[in-house]
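All of these numbers come straight from a predicted model, not from anything done at the bench.
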Amino acid sequence: MNYVWSGLMIISVVFAIINGRVEETMAACLNGAKDSVTVLMSFAGIMCFWSGILQICERCGASQKCERLLSPIIRRLFPHTSAKPEITMNVISNLFGLGNAATPSGIAAMEKMDKENCEDSHPSHEMSRFAVMNTASLQIIPTTVIGILASFGSKNPYSIIPLIWISSSVSLFVALILETVLYRLEGRKKK
């Protein structure tokens, strides 16, 4: 990936020299760097807030209540693993749009499932299902998107919520169906 970014930068500098727009290119680079720091700082505040809320939920027992609420779904999707608490925390974090906060519990869940995996060279069905579910996560409160829209001055950053509910629901549903079908097809090829 470093080669791609380096190549893009070199190409842009070369074309800036050819077109006589070196000053404009440098100004755009500096403005882009400034804007990225601004977005990062506003985004960091929102992430800290929701990560704090998630920690409070864990400490006061609300996450255990959510775990009980989600347990019928988690047990159905992941019947053969002991990583259900980690999977639940990952799902809860993703529901709040906290992809970064979901990462530690996702890694812990995947490590547990890997230890339980009988097939050393291939991920288990539950591992691939979890990876797909984590990638195409359902979001109730899309914190990341709201933060980015707010940082760019959107007058109503929350207006996107219904569209995200629809798109994340559809993408998760389609991803789970495709994962199941492809995993079964792969299993037939092995036999």
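- Going from atom CG of L178 over to atom OG of S171 covers 11.0 Å, rounded to the nearest 0.5 Å.
- In plain terms, the two heavy atoms of A175 and A136 that are nearest each other are CB-CB, 3.9 Å.
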Run R129 and T180 through side chain to side chain contact (heavy atoms under 4.5 Å, CB included) and show every step you take. CA-CA 8 Å; R129 179 177 286 159; T180 301; 3.7 Å; yes
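- No side-chain heavy atom of N94 sits under 4.5 Å from any side-chain heavy atom of M133.
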Tell me which donor-acceptor pairs under 3.5 Å the side chains of residues 68-80 have, and how far apart each pair is, sequence neighbours excluded?
unit_1	atom_1	unit_2	atom_2	d
S71	OG	R68	O	2.9
S71	OG	R75	NH2	3.2

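- Distance check: C60 SG to K65 NZ gives 7.5 Å after rounding to the nearest 0.5 Å.
- With sequence neighbours excluded, no residue satisfies side-chain hydrogen bond (donor to acceptor under 3.5 Å, both in side chains) with S159.
- Legend: residues meeting side-chain contact (heavy atoms from CB on, under 4.5 Å) with L8, ordered by chain and number and at least two apart, are V4, W5.
- Checked against side-chain hydrogen bond (donor to acceptor under 3.5 Å, both in side chains), S128 has the following partners two or more places apart in sequence or in another chain: E179.
- Every residue two or more places apart in sequence or in another chain that forms a side-chain contact (heavy atoms from CB on, under 4.5 Å) with L138 is listed here: L95, S168, S169, L172.
- Remark: I161 pairs with P142, I146, Y158, W165 by the side-chain contact (heavy atoms from CB on, under 4.5 Å) rule, at least two apart or across chains.
- Residues N90 and F130 have side chains in contact (heavy-atom distance under 4.5 Å, counting atoms from C-beta outward).
- The heavy-atom pair separating A16 from T25 by the smallest distance is CB-OG1, 3.1 Å.
- Note: the hydrophobic cluster containing L185 also contains I177 (ILVMFWY, side chain heavy atoms under 4.5 Å, direct or indirect links).
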Steps toward side chain to side chain contact (heavy atoms under 4.5 Å, CB included) verdict (I107, E111): CA-CA 6 Å; I107 291 171; E111 286 174 347; 3.7 Å; yes
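- Inter-residue side-chain proximity for M113 and I87 is flagged as met; some heavy-atom pair is nearer than 4.5 Å.
- Atom CE of residue M110 and atom CD of residue E126 lie 11.0 Å apart, to the nearest 0.5 angstrom.
- Neither V13 nor L30 shares a network with the other; the hydrophobic side chains, linked directly or stepwise wherever heavy atoms of I, L, V, M, F, W or Y lie under 4.5 Å apart, form separate groups for each.
- By the rule that hydrophobic residues join a cluster once side-chain heavy atoms approach within less than 4.5 Å of another member, V132 and M89 end up as members of separate clusters.
- Rounded to the nearest 0.5 angstrom, I140 CD1 and I92 CD1 are separated by 10.0 Å.
- Cluster membership for Y3 and I11, using ILVMFWY side-chain heavy atoms within less than 4.5 angstrom, is not shared.
- Smallest separation of non-hydrogen atoms from P85 and S82: CD-O, 3.7 Å.
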